[in-house]
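Written out below as structure tokens is the structure these notes cover.
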There are 2 protein chains.
Amino acid sequence: MDSLILKKVYIFSGLDEEELERLQKICRVKTFNKGDIIFFDTEPYLGFYITVTGLVKIYKISKDGREHILHLINPTNTFAEVPLFENFGEIHEDSFRYPANAMALEDETRVVLIPARQFTELLENDSKICIKMLSGFAKRLRHLNHHIEELTLKDVTKRVSGFILTEYNNKRKSKTEAEPHIKLLISKADLAAYLGTIIETLSRTFKKLQDENIIDVDGKKIIIKDIVKLKETAA
Amino acid sequence: MDSLILKKVYIFSGLDEEELERLQKICRVKTFNKGDIIFFDTEPYLGFYITVTGLVKIYKISKDGREHILHLINPTNTFAEVPLFENFGEIHEDSFRYPANAMALEDETRVVLIPARQFTELLENDSKICIKMLSGFAKRLRHLNHHIEELTLKDVTKRVSGFILTEYNNKRKSKTEAEPHIKLLISKADLAAYLGTIIETLSRTFKKLQDENIIDVDGKKIIIKDIVKLKETAA
DNA sequence: GGAACCCTTTGACTTAAGTCAAAGCCCCAA
DNA sequence: TTGGGGCTTTGACTTAAGTCAAAGGGTTCC
């Protein structure tokens, strides 16, 4: 497998060559196509994953079939690490399940599986990795808190506007461009599920924001026409 | 201060006497009355807290004044540890703020402040504590995921029923009794905020469940009259 | 080129839950 | 005992967002 990818994974960035090599030996690489399931929330827990290429969605399905997306996992990011620690030491009993479902959202989505047992041995001897993982968990906690805040205290229009703004800010970190816009990496149905709504409502919200001359929606491209008003709407 | 309390805190349960003593020296104890603010989300980050006695709520306020409760912290549990790790090493720059507000919900609520800087030194030398903290974070992540699931995929009636059931299950772990019931530790307004709704809707929901002979509400006491139907309603 | 498909939009309708306002209840204190 | 204040309930109304159904638009594949 690609040895470089592990180096880029945040939690492994403190490891030396030898440790990386050891880790590499226990990893398993898997490739998925768009729509393929990586794991269901009913499956026994094997270990956590790293997205290498493509995009992965972590989601839950309610009894009546509605879906809610908890996370979208980009390359070099990890997912499903939480069960590792829920009852540290008891993982061997294989009574653990994955906490949600994971699906590949693009063709050629490659992921690396880090088996639980071997990894925990590594952890016990290395507080640096632990701190990195703590840091990763902290970020995720922050994200989930923010997500809950959005879902409970804001209406759909505010959530959509907020989403566009954060996406735009993330993008701007890397480059600047003439026409301020974002490109959706996911389908509108998925975006709706991520924002805690349904596709029809999302569609109407986009239309409303277009009518108010705040944005322009062209397929998966969303052009920001009035960032000041967009910020007002999101606030 | 009470030295016994630190022993009971989950993340410190691996420490020996000497380490506990060292920790104790750097702690500060504070006592609050009902309604007192422990910290606002605008204050610079000093460190994390442990609830010793009483009850603490962690909450956010939206622009239009609505409140949402993220967590309720019981004795021996910690809160506000997340910022410790968000940019590990940079805490000294004191540019960090608390991520939410914290308020004492009972008189004589005692909390212990563990200063950030001293604590991180301890962490770096002890992977056992790290793993304990990871485990604590994992539990919280699980809780937040569950919370999001509830908020986005379920209506208020389901959320209320689910809340009663989990409270009852938590309680039953310790003791069994003739009349199945729970006692609310918080006001109904706070419960509403925790369940992502408002007090009027909560009141109506309780009434509906009473009319259907599923529960009986008597002030802060909720008697479960038909646990089978309650489970059906929550599902 | 058109059939089949998927994703998305639009319209008409329903409903859960929020808002506003008033009244009720209960406990404590003077 | 009376009265005030905090909490809670109830009622009437509004509204945001979900449901159901149908139509539109763009790709891909024979």
Side-chain angles (χ1 to χ4, degrees), chain A residues 33-35 57 61-69 103 105-107 150-163 183-212 215-222 233, chain B residues 33-35 57 61-69 103 105-107 150-163 183-212 215-222 233:
Chain A
N33 284 319
K34 187 174 177 176
K57 78 170 172 189
I61 304 277
S62 72
K63 278 259 164 67
D64 59 338
R66 246 184 89 191
E67 170 186 319
H68 183 75
I69 297 180
M103 180 192 281
L105 286 186
E106 293 176 8
D107 282 339
E150 291 273 321
L151 292 170
T152 54
L153 300 174
K154 293 184 180 173
D155 59 27
V156 174
T157 307
K158 285 197 174 72
R159 282 182 253 160
V160 170
S161 311
F163 173 82
K183 268 242 147 65
L184 295 180
L185 300 170
I186 53 177
S187 72
K188 288 187 180 163
D190 277 338
L191 179 58
Y194 180 70
L195 294 174
T197 183
I198 55 170
I199 190 171
E200 294 96 323
T201 301
L202 179 66
S203 182
R204 285 185 246 268
T205 307
F206 274 144
K207 202 180 170 225
K208 202 184 84 184
L209 291 173
Q210 272 191 100
D211 291 348
E212 292 170 8
I215 60 169
D216 234 355
V217 182
D218 176 20
K220 287 202 181 311
K221 187 176 177 185
I222 297 169
T233 312
Chain B
N33 284 320
K34 187 175 177 174
K57 78 169 171 190
I61 303 277
S62 72
K63 278 259 164 65
D64 59 339
R66 245 184 90 191
E67 171 186 316
H68 182 75
I69 297 181
M103 179 191 281
L105 287 186
E106 292 175 8
D107 282 340
E150 292 271 321
L151 291 169
T152 55
L153 301 174
K154 294 184 180 172
D155 60 26
V156 173
T157 307
K158 285 196 174 70
R159 282 182 253 159
V160 170
S161 311
F163 173 82
K183 268 242 149 65
L184 295 180
L185 300 171
I186 53 177
S187 73
K188 289 188 180 164
D190 277 339
L191 179 58
Y194 180 69
L195 294 174
T197 183
I198 55 169
I199 190 169
E200 293 96 323
T201 301
L202 180 66
S203 182
R204 285 184 246 269
T205 307
F206 274 145
K207 201 178 171 226
K208 203 184 83 183
L209 290 173
Q210 274 192 99
D211 291 347
E212 292 170 8
I215 60 168
D216 233 357
V217 182
D218 175 21
K220 286 204 183 309
K221 186 177 178 185
I222 297 170
T233 312

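First the proteins, then the strands, lettered A, B, ... as listed; each starts at 1.
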Would you mind reading off the distance between [X] atom [atom1] and [N] atom [atom2], rounded to a whole angstrom?
X	N	atom1	atom2	value
A:K158	D:dA17	NZ	C1'	14 Å
A:D211	C:dT9	CG	P	13 Å
A:K208	C:dT10	NZ	P	15 Å
B:K221	C:dC26	NZ	P	16 Å
A:K188	D:dG26	NZ	P	12 Å
B:L195	C:dA17	CG	P	12 Å
A:D190	C:dC6	CG	P	16 Å
B:D218	C:dC27	CG	P	10 Å

Check whether any side-chain N or O of [X] sits under 3.5 Å from a backbone N or O of [Y] as a donor-acceptor pair, and report yes or no.
X	Y	result
A:D107	A:K34	yes
A:K183	A:K220	no
B:H68	A:T152	no

Here's a test of your reading of the structure: between A:D155 and B:V217, which maps to the more 5' nucleotide of DNA chain D? B:V217

Taking pairs as Watson-Crick (N1-N3 plus N6-O4 or O6-N4) or G-U wobble (N1-O2 and O6-N3), each distance under 3.5 Å, the stems of three or more consecutive pairs with DNA chain D are C:1-30 with D:1-30

Mind checking whether B:E106 and B:N33 have side chains closer than 4.5 Å, heavy atoms only? no

Would A:D190 and A:I69 satisfy side-chain contact (heavy atoms from CB on, under 4.5 Å), going step by step from the backbone distance to the final call? CA-CA 7 Å; A:D190 277 338; A:I69 297 180; 3.7 Å; yes

Pairs where residues 195-208 of chain B contributes a residue and the test side chain to side chain donor-acceptor pair (under 3.5 Å) is met, not counting sequence neighbours: B:T157-B:K208

Output for pair (A:E150 CD, A:Y194 OH), nearest 0.5 Å, gives 8.5 Å

Is the shortest side-chain N/O distance from B:K220 to OP1 or OP2 of D:dC7 below 4.0 Å? no

Would you please test B:T233 and B:K158 for side-chain contact (heavy atoms from CB on, under 4.5 Å) and show each step? CA-CA 6 Å; B:T233 312; B:K158 285 196 174 70; 5.7 Å; no

Interface residues of residues 198-207 of chain A with DNA chain C (non-hydrogen, below 4.0 angstrom): A:I199, A:E200, A:S203, A:R204, A:K207

Does A:K57 pair with A:E67 as a salt bridge, N-O distance under 4.0 Å? yes

Categorize B:T157 for me: base, sugar-phosphate, or nothing, with a 4.0 angstrom heavy-atom threshold over every strand shown. nothing

